[in-house]
Amino acid sequence: MQITVTINGKKYTEDVAPDLVLLDFLRAHGCYSVKRGCETSNCGLCTVHLNGKPVLSCSVLAVRADGKSVTTLEGLQKEAEEFGGFLADEGGEQCGFCSPGFIMNVLAMVRELENPSEQEIQEYLAGNLCRCTGYQSQLRAIQKYLAWKQEGTK
Amino acid sequence: MFTVQQYVKVSSLEEAYTLNQKKSSAVLGGGCWMKMGKRRIGTLIDLSGLGLDTIEETEDSFILGAMVTLRQMETDARLKTTFGSGFADMVRHIVGVQFRNCATLGGSLYSRFGFSDILTWLLALDCDVELAGAGIIPLAQYAATPYDRDVLARVIVHKTSRKAVYESFRNTETDIPVLTCAASSLNGDLRLVIGGRPMRALTVDGLALTKSMETIVEKAQSLPFGSNMRASAQYRRHLAGVLVKRAVLRLREVE
Ligand SMILES: Cc1cc2nc3c(=O)[nH]c(=O)nc-3n(C[C@H](O)[C@H](O)[C@H](O)COP(=O)(O)OP(=O)(O)OC[C@H]3O[C@@H](n4cnc5c(N)ncnc54)[C@H](O)[C@@H]3O)c2cc1C
């Protein structure tokens with residue numbers, strides 16, 4: 001089936017198998033930040049934005065992205081680098097495997113929630129598993145990043 | 001992961017219904033549950049072109065399309081105003097935001113999982129479901145029906161003066177629930193719905209909200225409970241008492 005999908009601002013029209021998942025479509029187009037983790041919709045590693053909303057690309061069929069716009073970490077490099085700095089400063093990434101999906105969801109949260117409380121942050125990121133950090137350093141990184149962003153808008 | 005021979009984005013519910021009569025066909029919701037299986041699907045039926053992804057409010061009801069995501073129900077301000085935090089409480093522990101942006105109401109209700117937060121909450125309200133073939137039937141009737149080849153189109157949540165609250169318990173955050181519990185009351189009559197027993201949710205009607213807590217808890221605990229890897233029947237029975245008590249106390253507060 002033929003689909004047209006915009007990936008990080010660039011339009012692609014292609015024939016795809018109806019059971020191809022978005023994750024594989026994106027990796028085939030060079031978006032290697034999108035990783036296959038649990039494949040049971042639990043870990044959040046494969047998070048991308050579909051029309052601006054965070055989704056699990058391991059669970060969405062590529063045909064469902066027809067006519068839509070997909071953003072991966074490759075398309076948000078500036079914001080990702082900014083937040084990544086806070087993550088590194090707080091020791092919030094160790095092996096780094098979960099970072100792309102985690103950063104994508106943090107950036108989605110920043111767009112969706114205004115001034116999120118600690119509980120809101122925890123709830124928003126509950127679907128991003130990290131086996132290294134214990135989450136406290138990530139939480140600190142998010143809070144400092146949010147404060148820094150607020151400073152910048154003053 | 002399932003495999004698909006042919007994908008059809010249908011242009012009407014009738015088309016979906018007709019295609020779905022074949023045993024090898026399947027309707028696609030969010031695909032989150034289906035992807036964990038290895039089914040070989042002949043025709044995959046996509047409803048996403050039918051405008052069933054909206055929540056409409058009318059004078060006497062809310063009409064939720066089958067393709068509405070869990071996240072839409074969680075964040076809809078009108079549902080919150082009318083039903084309190086119940087719709088958000090129903091889904092807030094289900095995996096994560098990204099998952100809830102994918103999984104649908106239709107896929108959840110069709111599946112009628114024993115552990116379903118969604119089924120438990122909606123049974124506590126006054127709901128009908130609209131099916132492409134069978135038309136409009138009460139949700140309670142649908143919940144008790146064996147799986148068939150009909151297509152779920154919409155859920156109609158009637159506005160009444162019913163008040164409702166939702167409670168659930170998980171062993172770990174984002175896991176499926178060990179027990180789910182919704183309590184609602186209309187004109188002083190209490191309705192309890194207990195799911196994750198681990199069998200499908202059951203409803204207890206016919207108690208007054210003013211009855212003693214012991215009587216209410218006893219009634220809830222008299223339901224059948226079972227054991228699985230998440231908890232024993234004995235633990236679930238105990239938990240049912242705890243969640244029902246919490247729910248009824250909250251309900252008495254909002255009444
Ligand atoms: C990892 C994981 C954790 C979960 N945790 C929870 C939890 O804690 N609590 C909870 O309540 N639920 C939980 N669920 C279930 C989840 O909330 C959804 O109910 C489930 O994913 C099905 O929704 P879907 O849209 O993905 O449906 P799909 O996977 O697309 O479909 C499921 C079934 O429904 C059929 N179907 C879909 N739409 C229709 C329709 N309109 N008409 C007729 N048939 C239809 C499909 O053919 C299929 O048989 C979990 C699921 C997963 C994968």
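Chain identifiers are assigned alphabetically (A, B, ...) following the order of the sequence lines, protein sequences preceding nucleic acid strands; residue numbering begins at 1 within each chain.
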Between T75(B), T69(B), D46(B), I41(B), the one whose heavy-atom pairs under 4.5 Å with chain A are most numerous: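 Heavy-atom pairs under 4.5 Å are most numerous for D46(B).
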Pick whichever of V4(B), T3(B), T174(B) has the most heavy-atom pairs under 4.5 Å with chain A.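 Option with the top pair count is V4(B).
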Note, L44(B) side chain near P18(A) side chain (heavy atom, < 4.5 Å):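 Side-chain contact under 4.5 Å: no.
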Part of M34(B) within contact of chain A (heavy atom distance under 4.5 Å):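 Contact with chain A: none, neither part.
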Where does C32(B) contact chain A at under 4.5 Å (heavy atoms): side chain, backbone, both or neither?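 It is both, since atoms from each part get that close.
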[X], part contacting chain B, at a heavy-atom distance under 4.5 Å:
{"X": "N42(A)", "result": "both"}
{"X": "L125(A)", "result": "neither"}
{"X": "V48(A)", "result": "neither"}
{"X": "T47(A)", "result": "side chain"}
{"X": "C43(A)", "result": "neither"}

Sidechain-backbone polar pair: K35(B) side chain, E39(A) backbone, donor-acceptor under 3.5 Å: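 Present.
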Y7(B) side, atom OH; L61(A) side, atom CG - distance, nearest 0.5 Å: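 Here the interatomic distance stands at 7.5 Å.
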Within a 6.0 Å radius of atom CD on Q21(B), are there more than 12 heavy atoms belonging to other residues, nucleotides or ligands?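 Yes, enclosed.
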Determine whether more than 12 heavy atoms belonging to other residues, nucleotides or ligands lie under 6.0 Å from atom NZ of K35(A).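 Buried by this count: over 12 neighbours within 6.0 Å.
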Can you sort out the partners of K144(A) under salt bridge (charged side-chain N to carboxylate O under 4.0 Å, His left out), two or more places apart, ordered by chain and number?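 Once residues adjacent in sequence are excluded, the partners of K144(A) under the salt bridge (charged side-chain N to carboxylate O under 4.0 Å, His left out) criterion are E90(A).
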I need the residue from G44(A), A17(A), A108(A), C58(A) with the largest number of non-hydrogen atom pairs under 4.5 Å to chain B.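 Option with the greatest count: C58(A).
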Any idea which heavy atoms bring G30(B) and R64(A) closest together, and the distance?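 The answer is CA-NH1, 4.3 Å.
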Does anything in residues 84-101 of chain B get under 4.5 Å of chain A by heavy atoms, and if so which residues?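 Within residues 84-101 of chain B, near chain A: R92(B), V95(B), G96(B), V97(B), Q98(B), F99(B), N101(B).
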